[in-house]
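Pasting a structure below so you can have a look.
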Amino acid sequence: MQQKGTIQIIEWEDLDKRKFYSLGVFMTMTTRLTVYPASLIRTLLQVQRGKALYTGTLDAFCKILRAEGLRGLYRGFMVSTFTLVSGQAYITTYELVRKYASHYSPSNTVKSLVAGGAASLVAQTITVPIDVVSQQLMMQGQGEHLTRFKVKAPAAASSSSKRGRFSFGQTRDIVVQICAADGFRGFYRGYVASLLTYIPNSALWWPFYHFYSERLSNLAPSNCPELMVLAVAGPMAAATASTITNPMDVVRARVQVEGRSSVIDTFKQLLAEEGARGMTKGLSARIIAAMPTSVLIVVGYESLKRLSLRADLVESRHW
């Protein structure tokens with residue numbers, strides 16, 4: 001019988017890799033589709049000066065929905081779907097580095113910290129160019145005055161196919177303008193800021209996730225499903241990591257959208273103009289995005305790992 005308070009962690013060698021990757025693509029896409037509106041709102045809130053455009057998360061949601069409809073909440077989404085590649089790179093790196101780190105330390109915290117940071121480094125190298133383009137598309141519409149790049153006004157469209165071509169045309173406009181203004185380096189603007197944001201965020205999320213999992217497992221009734229405990233631990237870890245790393249996330253958004261080159265200068269300007277409160281900009285939207293994302297990731301990822309177990313281990317793991 002499993003000891004109370006002990007969470008069974010499925011390791012890389014326990015998985016059927018073919019099942020793992022095929023199911024993983026579906027999980028990543030579902031998660032991205034669910035939380036994208038909150039990510040868009042977070043970016044708009046972080047880039048605006050003071051409360052010039054929106055007073056908060058709910059105000060932004062209502063104004064965008066009223067002015068642009070549901071499509072306004074998914075500006076740039078098609079470009080962001082390319083992050084499916086980085087999602088698979090992330091989970092592969094995490095599992096492989098975790099396995100490698102186990103040769104040097106038996107501590108679950110150490111393994112999670114090192115693996116989470118390494119996974120984020122690999123994923124951000126793939127993700128940053130995608131984010132740079134998708135964030136510029138997010139800023140079109142009500143936030144277009146906050147960015148250097150503008151898409152061409154659409155010609156009168158009479159069919160959904162024209163709307164589809166326009167969506168592709170917007171992406172092409174942004175890509176061409178970034179190339180003309182900054183060259184290839186423009187697609188990695190904010191790369192350092194992204195690493196300074198997401199490596200700590202990822203490195204913190206995993207240890208906090210396992211920490212909260214163990215504590216909640218000790219408090220939960222003995223018949224409580226393990227997956228339920230993990231689904232609560234994930235959002236708690238997300239809220240903790242997001243709060244700690246939010247100041248750098250604000251800086252990252254401004255560097256990428258406004259075309260700044262210095263992380264330090266951007267940080268100093270933000271602090272001078274908006275004080276310590278400026279460091280919390282978009283935090284509620286970030287937590288709103290991060291918490292359900294964590295539920296989806298935890299339930300999806302833990303379910304994915306259990307569904308991907310090698311046939312000889314299926315009976316040994318409990319949900």
Side-chain angles (χ1 to χ4, degrees), residues 1-35 83-103 105-120 122-123 126 201-217 220 223-238 241 290-319:
M1 181 178 293
Q2 184 182 348
Q3 184 180 354
K4 182 176 173 62
T6 301
I7 297 292
Q8 291 180 304
I9 298 175
I10 298 175
E11 303 290 0
W12 181 249
E13 59 270 18
D14 300 331
L15 300 173
D16 179 331
K17 309 304 186 296
R18 186 178 62 179
K19 290 181 180 179
F20 182 72
Y21 283 115
S22 58
L23 293 171
V25 171
F26 175 76
M27 184 201 77
T28 304
M29 187 64 179
T30 302
T31 302
R32 192 73 178 172
L33 183 68
T34 304
V35 304
T83 55
L84 286 172
V85 177
S86 63
Q88 298 308 300
Y90 180 94
I91 58 177
T92 301
T93 304
Y94 176 79
E95 293 293 346
L96 288 176
V97 173
R98 182 182 170 83
K99 178 182 178 182
Y100 180 77
S102 67
H103 297 308
S105 174
S107 170
N108 190 47
T109 299
V110 172
K111 290 188 288 185
S112 300
L113 186 71
V114 173
S120 187
V122 172
I126 300 170
N201 190 80
S202 179
L204 289 170
W205 188 90
W206 288 101
F208 273 119
Y209 168 57
H210 291 300
F211 171 80
Y212 288 135
S213 296
E214 293 295 338
R215 297 302 178 276
L216 290 171
S217 182
N223 60 347
C224 180
E226 183 178 290
L227 198 59
M228 185 178 295
V229 172
L230 298 175
V232 175
M236 292 174 66
M291 292 183 72
T293 300
S294 292
V295 174
L296 290 170
I297 287 175
V298 168
V299 174
Y301 189 56
E302 296 293 347
S303 298
L304 167 66
K305 290 172 77 174
R306 283 160 175 75
L307 291 171
S308 303
L309 272 170
R310 299 197 330 255
D312 59 306
L313 296 175
V314 172
E315 295 301 323
S316 66
R317 296 297 190 274
H318 305 286
W319 291 55

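Not measured: the values here are computed from a predicted model.
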Discussion item. According to side-chain contact (heavy atoms from CB on, under 4.5 Å), who are the partners of S202, at least two apart in sequence or on a separate chain?
Written reply: Y90, S120, W206
Worksheet, complete the sentence: By side-chain contact (heavy atoms from CB on, under 4.5 Å), F211 pairs with (sequence neighbours left out) R215
Fill in: Atom pair CD/OG of E226 and S217 - distance to nearest 0.5 Å
7.0 Å
Response to the item:
Separation between CG (L309) and CG (L15), nearest 0.5 Å, reads 6.5 Å
Worksheet entry | Residue that, paired with S303, satisfies side-chain contact (heavy atoms from CB on, under 4.5 Å) out of L230, L227, V298 | L227
Item to complete: Could you tell me whether K99 and E95 have a side-chain N and a carboxylate O separated by less than 4.0 Å?
Response: no
Fill in: Polar side-chain atom of S105 near backbone of S102 as donor-acceptor pair, under 3.5 Å
no
Practice prompt. Kindly give the heavy-atom pair with the smallest separation between V97 and A115, and that separation in Å.
Written response: CG1-CA, 3.6 Å
Response to the item:
So CZ of R310 and CZ of F20: to nearest 0.5 Å the spacing works out to 14.5 Å
Discussion item. Distance check, rounded to the nearest 0.5 Å: Y209 atom OH versus Y301 atom OH?
Written reply: 9.5 Å
Item to complete: Only counting residues at least two apart or in another chain, list the ones meeting side-chain hydrogen bond (donor to acceptor under 3.5 Å, both in side chains) with Q88.
Response: T28
Worksheet, complete the sentence: Value for CG (L23) from NZ (K305), rounded to nearest 0.5 Å, stands at 14.0 Å
Worksheet item: T93: what forms a side-chain hydrogen bond (donor to acceptor under 3.5 Å, both in side chains) with it, not counting sequence neighbours?
Response: none
Item to complete: Return the minimal non-hydrogen interatomic distance between K17 and E13, and the atom names on each side.
Response: NZ-CA, 4.4 Å
Worksheet item: What heavy-atom pair brings S294 and P235 nearest, and what distance separates the two atoms?
Response: CB-N, 3.7 Å
Worksheet item: What is the minimum heavy-atom distance between V229 and A220, and which atoms define it?
Response: CG2-CB, 4.1 Å
Discussion item. The criterion is ring-ring contact (aromatic ring centres under 6.0 Å, His included); which residues satisfy it with Y212, sequence neighbours excluded?
Written reply: F208
Item to complete: Could you grab the distance from atom CG of D16 to atom CG of L307, nearest 0.5 Å is fine?
Response: 11.0 Å
Worksheet item: If every non-hydrogen atom of H210 is compared with every non-hydrogen atom of S112, which pair is closest and at what distance?
Response: CD2-OG, 3.0 Å
Worksheet item: Do T92 and Y21 have side-chain atoms, one donor and one acceptor, less than 3.5 Å apart?
Response: yes
Discussion item. Is there a side chain to side chain contact (heavy atoms under 4.5 Å, CB included) between L216 and M236? Walk through the geometry before answering.
Written reply: CA-CA 11 Å; L216 290 171; M236 292 174 66; 3.9 Å; yes
Item to complete: Please list, chain by chain and in numerical order, all residues satisfying ring-ring contact (aromatic ring centres under 6.0 Å, His included) with Y100, sequence neighbours excluded.
Response: Y104
